[in-house]
Amino acid sequence: MASICVCARFRPLNSREDGEAICITRSDSQSFSIKDEKDEQYMFSFDKVFYEDSEQADVYEFLAGPIVRDAVNSINGTIITYGQTGAGKTFTMEGANILEADNLKKGLLPRVVDELFDAINGCGEATAYKIKLSMVEIYMERVRDLFDLSKDNIQIKEHKSHGILLSGATEIPILDGEEALKVLCGGIANRAVGETQMNAGSSRSHCIYMFTIQKDVTNEKRVSSGKVVLVDLAGSEKVEKTGAEGKVLEEAKTINKSLSALGNVISALTSSQHAKSLHIPFRDSKLTRLLQDALGGSSQTALLCCCSPSLSNSSESVSTLRFGARAKHIKASSSRVLNINSKEDIDRKQQEISALNDVKQQIAERILKKLREKLDAETVNLIGEEFVMEGLLLSDPTTSGSMITDEEELNSSHESVITSQTIASWKEATQKLVNTILELRRENVIMKEEWQVMKEENKVMRQVRKRIKAKLAQTKKLYLVMGIGFGVLASSCFSFVLLVSS
Ligand code: ADP
Ligand code: MG
């Protein structure tokens with residue numbers, strides 16, 4: 001079991017902090033202590049600490065190099081930078097400039113590009129590689145395509161064999177390093193255009209760079225692929241400190257919400273390893289949903305906590321470092337980190353996957369069979385469809401659908417851990433559906449009763465109306481009789497008066 005690689009990086013003091021006290025004391029390359037403004041001291045240990053004098057190349061070599069090399073061999077990897085605005089996240093990712101040639105300042109992205117093309121250019125003729133690049137940002141809970149600004153609400157979807165996907169996001173095929181940098185430059189420029197349109201700052205959105213490396217080995221039936229995802233998170237500073245108002249406050253709240261969702265996912269992942277609880281709130285924000293594979297165990301993950309070394313920023317730095325310390329406890333599932341490099345491996349894993357799929361199918365059928373005994377066919381079919389839609393089922397059990405055939409799936413899962421998780425999620429989903437159905441039935445009964453009462457009331461009303469109508473008719477008759485009576489009386493009186501007078 002490998003855990004997430006968590007590192008901390010302190011940038012040099014900037015011009016605003018010039019002359020300020022430094023709040024960190026180095027112990028070694030993994031540990032240090034930090035003092036906050038109240039003079040409280042905290043000790044932290046990470047996989048590696050990059051101090052103010054660290055070099056971009058060292059950060060790349062420790063944090064990203066292994067991930068990039070594995071991605072060439074079809075293992076997914078994610079690198080995340082976290083920290084308050086101005087702490088050095090974008091400097092680490094992009095460098096002073098994405099086209100920066102200076103080796104001292106060159107960031108992770110151009111180095112990722114260099115290593116990817118070095119690796120694939122030196123791999124021999126038997127293997128063909130294709131690299132594609134996507135770039136999106138999450139702003140106010142909307143995912144925008146940075147290669148096509150008209151796509152401003154990209155949906156995040158989960159594919160049964162490809163995992164989390166950005167549905168419809170532009171993927172630009174990259175043929176060489178120079179072209180990759182130009183494409184990245186275009187995406188970054190579009191980010192700036194978006195910022196002005198939205199009146200937002202780059203630190204107010206999360207930026208995601210996604211390289212997909214497709215590997216096609218001659219004499220092997222399948223094409224495998226690996227991803228390197230780099231995430232430059234929005235600034236994590238607290239709202240109170242920035243004194244934000246209006247739109248800026250709204251942005252800050254959305255960022256805080258997504259970063260707390262990230263924190264909650266991390267907590268749930270850490271506690272689930274002890275409590276075996278399976279619910280991880282990945283769906284609470286676009287960011288956590290997008291990082292589901294990275295954090296949930298299907299990919300290798302490196303987190304860099306970027307901090308200022310100055311005393312005035314020490315409380316923000318402590319909260320950044322605490323976040324990193326929590327993340328350190330996540331253990332990645334080794335089952336998802338598989339290197340597929342031989343034909344035998346592929347065949348063996350294919351057999352394992354097909355056996356697992358058979359088990360999944362059987363369990364699904366058994367659950368649906370049990371449900372059929374209790375519920376009507378239509379409802380059970382709906383549940384079946386729901387299973388398929390939620391990705392809990394590989395294919396509708398009523399149809400003999402094909403199982404997973406993509407090689408990515410070989411990377412994605414095949415151990416019993418996943419089986420038990422799948423079964424538990426099925427059970428949970430079934431239980432939820434059964435509860436919903438029972439609830440709907442209860443509501444139906446109540447509505448029927450209310451309908452009955454209304455019908456009764458209607459009946460009574462109709463009777464009352466009938467009675468009133470009858471009374472009115474009677475009254476009318478009475479008036480008529482009285483009118484006739486009066487008429488007769490009046491004419492008699494008149495005749496009498498005439499008689500008397502004559
Ligand atoms: P963030 O993306 O976290 O908001 P930036 O990466 O934009 O912060 O960094 C803020 C400023 O500090 C930039 O001007 C950047 O060049 C500088 N900076 C950050 N980290 C370093 C570093 N390690 N060495 C030199 N300058 C740095
Ligand atoms: Mg930035």
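Counting starts at 1 for both ligands and their atoms, in listed order.
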inquiry  = Using 2.8 Å as the threshold, say whether any N, O or S atom from Thr90 sits that close to the Mg ion (ligand 2).
reply    =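 Checking the Mg ion (ligand 2) against Thr90, an N, O or S atom does fall under 2.8 Å.
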
Counting each atom of ligand 1 from 1 as listed, which ones have a heavy atom of [X] under 4.0 Å away?
| X | result |
| --- | --- |
| Arg9 | 23 (N) |
| Gly88 | 1 (P), 3 (O), 5 (P), 6 (O), 8 (O), 9 (O), 19 (C), 20 (N) |
| Thr85 | 4 (O) |

Just by distance, no angles: are the side chains of [X] and [Y] close enough, under 3.5 Å, to form a donor-acceptor pair?
| X | Y | value |
| --- | --- | --- |
| Glu237 | Thr85 | yes |
| Asp36 | Ser315 | no |
| Thr288 | Ser285 | yes |
| Lys151 | Thr170 | yes |

For [X], is at least one N or O under 3.5 Å away from an N or O on ligand 1?
| X | answer |
| --- | --- |
| Thr90 | yes |
| Pro12 | no |
| Thr92 | no |

Ranking Tyr51, Phe91, Phe10 by closest non-hydrogen atom to atom 6 (O) of ligand 1, top hit is Phe91

- Message: Heavy-atom distances under 4.0 Å decide this one: backbone, side chain, both or neither, for Gln56 against ligand 1?
- Response: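 Contact part for Gln56 vs ligand 1: neither.
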
